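All figures in this text were calculated on a predicted structure; none of them were measured in a lab.
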Amino acid sequence: MKTTKEILLFANEITKLLDIQISRKKTLEDEYNCDIISLADMLKELDMINKKELKLKRTLVSQVHVKKNGLPKSIRYDAGRDLWITKISGDIRIHARTEETLLDKILEYYDCHLMSYTIDHIFTLALKHKEDIDICSPLTIQRYKDSYNRFISEEFREKDIRKVDNDSLQSYSKLMTARLHPKKKAFLSYKGVLNLIFDYAEENNYIQNNPVKSINNKKFLMQCDNSKPQSSEKILSLHDIEAIYSEISRRNNLPRYQGYFYYGYMVRMAIATGMRAGELCALKWADIDDYYIHIHAQQLTGRGKGNTANFYADWTKDEKGISHGGRKFPITDNIAAILDDLKKNQLEKNIISDYVFCKPNGDWIKIGSYHAWLREFMKSINLPVTNNHAFRMSLNSNVFIPNGIPVTDRARLLGHSVETNIKHYSYARIGVDQEIIDRLNGKVAPKLPQNIIDFESTKKKKA
């Protein structure tokens, strides 16, 4: 049998090898999100890495979890209880839902330090479990990571989760809200991270009592920043929109795009219609009528049965999984010009696809790639907001409201409730003080409301 020192040295070597596999996983995800490798290639290599990790842990367990004669102790799967089980000594047994979790518990028992009960390590395990089991997009996983990095301090991350009780978690939450003064939505994201961590720990019997259940949201929300965000934090000014158009035009002429800058078309359509990112990616030419765009589908990213993929969902976000026919957005002269230019460009380059926005080979645009590109694009021209959602709120605040579109129609065209439109989408325009002064002085005649309310009954003639 190996000595304790030999086992620890062996454990350190295994840990280094596991760290390499974890790092490679992160690299693969980054390469996939940047379209460097295909989904099939990523999944194939991830499967290989997972098998390597499991094999490494099995190897170490076989060295420490042994009988007096040096032979490995039995590890078995009980199908009736859906548990992996092994005997430690005498009548002491440990169990877990998965083989890998059981291996981690065994290694912790023998003090091999591959299993750690720190908040940080449990978060890593819980997030991986969510990716493996739940159908959720990479964006959801990234939001968990962002919230964790924002709200969980370095000191708290190193705490042993088994020693975090109701009082200590309440105390940390109080200090965190006083220090960061987060918005209500941000605090709920913090609570979501806690639920992810402690629910996983409770499910795997790392803790007996879940202290997150003791947190009263109402008490902590009173300490949050409940003021409405400033316009500059949420919408773009007309000057910002002009800067976007100018940069799109410049990039379209760059040799690398060969006159087909498909991201530019997507942004122009988002500005004109307020369509969600997933709706833009899923828009098909069959959805374009002479007089309106039928917005009834979205592209989602999910994980099921071990595979991650982008898929077409025939419902919009507000329909919550059940199609109700979507919504129709009228084709204005600007929208018609965008679509005509795009179609002409695709025909000239022999680009064939069912999707309006596609790559030169006809493939649809992945929503993750669009989000990543847009974030970098907006940063490159020093704009304050960098997400597609800003286009929706800007259209509502800069165009719909000034043109007198009733709130019921604003909500209908953007695909949400009247309450949502008023509370979350209506902001004061930026940089229009001189226009307001001119109007008050009678120098500018008020604009007549744009007649897009009953667009089906007021169809314009074809050019």
Side-chain angles (χ1 to χ4, degrees), residues 118-120 122-123 126-127 130 134 136-137 139-159 161 164-202 207 209-236 276 317-318 320 371 375 378 383-394 396-397 407 411 414 416-430:
T118 64
I119 295 290
D120 194 57
I122 299 300
F123 171 71
L127 197 62
K130 187 173 184 64
D134 291 354
C136 55
S137 69
L139 186 60
T140 298
I141 298 300
Q142 187 59 50
R143 283 171 179 164
Y144 273 111
K145 292 178 181 178
D146 291 343
S147 295
Y148 178 80
N149 291 332
R150 178 182 177 187
F151 298 115
I152 309 301
S153 69
E154 293 293 338
E155 180 182 0
F156 193 72
R157 294 178 193 187
E158 296 307 313
K159 286 187 176 295
I161 196 168
V164 177
D165 57 16
N166 293 357
D167 289 343
S168 61
L169 188 59
Q170 294 256 15
S171 177
Y172 176 78
S173 298
K174 181 179 179 180
L175 290 172
M176 184 279 294
T177 51
R179 177 170 58 89
L180 297 179
H181 204 45
K183 297 285 187 179
K184 175 182 177 181
K185 186 176 180 180
F187 176 81
L188 295 178
S189 295
Y190 160 71
K191 185 78 177 291
V193 168
L194 293 183
N195 281 325
L196 177 75
I197 296 170
F198 285 88
D199 283 349
Y200 178 84
E202 186 178 38
I207 58 173
N209 298 304
N210 187 343
V212 182
K213 296 175 182 177
S214 68
I215 293 181
N216 185 319
N217 286 0
K218 186 176 180 180
K219 178 178 71 175
F220 287 102
L221 289 175
M222 291 176 64
Q223 301 180 50
C224 292
D225 179 0
N226 294 300
S227 62
K228 187 173 180 178
Q230 297 295 312
S231 295
S232 58
E233 299 175 74
K234 290 293 182 179
I235 69 170
L236 299 160
R276 299 179 178 96
K317 180 181 178 182
D318 51 300
K320 303 184 186 302
H371 279 304
R375 184 165 52 251
M378 301 289 264
L383 292 184
V385 287
T386 60
N387 54 71
N388 188 82
H389 200 62
F391 299 139
R392 290 170 56 76
M393 291 185 284
S394 298
N396 189 73
S397 301
V407 66
L414 291 175
H416 52 220
S417 67
V418 168
E419 180 185 12
T420 294
N421 191 277
I422 295 173
K423 189 174 181 180
H424 301 295
Y425 280 70
S426 300
Y427 289 89
R429 290 182 295 160
I430 302 170

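Counting heavy atoms from C-beta on, the side chains of Asp318 and Thr420 never come closer than 4.5 Å. Taking the side chain as every heavy atom from C-beta outward, Ser189 and Arg143 never approach each other to under 4.5 Å. Within the 4.5 Å cutoff, the side chain of His416 has heavy atoms near those of the Tyr425 side chain. Side-chain contact between Phe123 and Ile161 is absent, with no heavy atoms from C-beta onward closer than 4.5 Å. Annotation: side chain of Pro211 is in contact with side chain of Asn166 (closest heavy-atom distance under 4.5 Å). In this structure the side chain of Lys234 never reaches within 4.5 angstrom of the side chain of Val385, judged on heavy atoms. Within the 4.5 Å cutoff, the side chain of Arg157 has heavy atoms near those of the Asn149 side chain. Two residues are said to be in side-chain contact when any heavy atoms from C-beta on lie closer than 4.5 Å; Tyr148 and Ile197 meet this criterion.
Using a 3.5 Å distance cut-off with no hydrogens or angles, the side chains of Ser173 and Tyr190 do pair a donor with an acceptor. Residues Tyr427 and Asn396 bring no donor and acceptor atom of their side chains to less than 3.5 Å of each other. Under the 3.5 Å distance criterion, with hydrogens and angles disregarded, no donor-acceptor pair is assigned to the side chains of His371 and Asn388.
Tyr144 and Val193 make their closest contact through O-CG2, 3.8 Å (heavy atoms, listed as atom of the first residue, atom of the second, distance). His181 and Asp225 get closest at one heavy-atom pair: O-CB, 3.5 Å. Of all the heavy atoms in Arg150 and Leu180, the pair that sits closest is O-CD1, 3.6 Å. Residue Ala411 comes nearest to Asn421 through the heavy atom pair N-ND2, 3.9 Å, listed as atom of the first residue, atom of the second, then distance. Counting all heavy atoms, side chain and backbone alike, Pro384 lies closest to Ser232 at CB-O, 3.7 Å. Contact between Ala186 and Pro182 at its shortest, heavy atoms only, is CB-CB, 3.9 Å.
Separation of atoms OG1 (Thr177) and CG (Leu175) is listed at 8.0 Å; rounding is to 0.5 Å. In this structure, SG in Cys224 is found 7.5 Å from CG in Leu188, a value given to the nearest 0.5 Å. The CZ atom of Phe187 sits 12.5 Å away from atom CE of Met222, with the distance rounded to the nearest 0.5 Å. The CE atom of Met176 sits 7.0 Å away from atom CD1 of Ile152, with the distance rounded to the nearest 0.5 Å. Here the CD1 atom belonging to Ile430 is positioned 7.0 Å from the CG atom belonging to Leu236, to the nearest 0.5 angstrom. Rounding to the nearest 0.5 Å gives a distance of 9.0 Å between CG of Asn210 and CD1 of Ile215.
Salt-bridge check for Glu202 with Lys213: passed, with a basic side-chain N closer than 4.0 Å to an acidic carboxylate O. Classification of Lys130 and Asp199 as a salt-bridged pair fails, no side-chain N sitting under 4.0 Å from a carboxylate O.
By the 6.0 Å contact criterion, CG on Asn209 is open, its count of non-hydrogen atoms from other residues, nucleotides or ligands being 12 or less. For CD of Gln142, the number of neighbouring non-hydrogen atoms (other residues, nucleotides, ligands) closer than 6.0 Å is greater than 12. More than 12 non-hydrogen atoms from other residues, nucleotides or ligands lie less than 6.0 angstrom from NZ of Lys145. Annotation: Lys183, atom NZ; neighbour count of heavy atoms from other residues, nucleotides and ligands within 6.0 Å is above 12.
Between the Ser397 side chain and the Met393 main chain, a donor and an acceptor come within less than 3.5 Å of each other.
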I'd like to know whether Ile119 forms a side chain to side chain contact (heavy atoms under 4.5 Å, CB included) with Phe198, so could you lay out the CA-CA distance, the side-chain angles of the two residues, the decisive distance to 0.1 Å, and finally the verdict. CA-CA 9 Å; Ile119 295 290; Phe198 285 88; 3.8 Å; yes
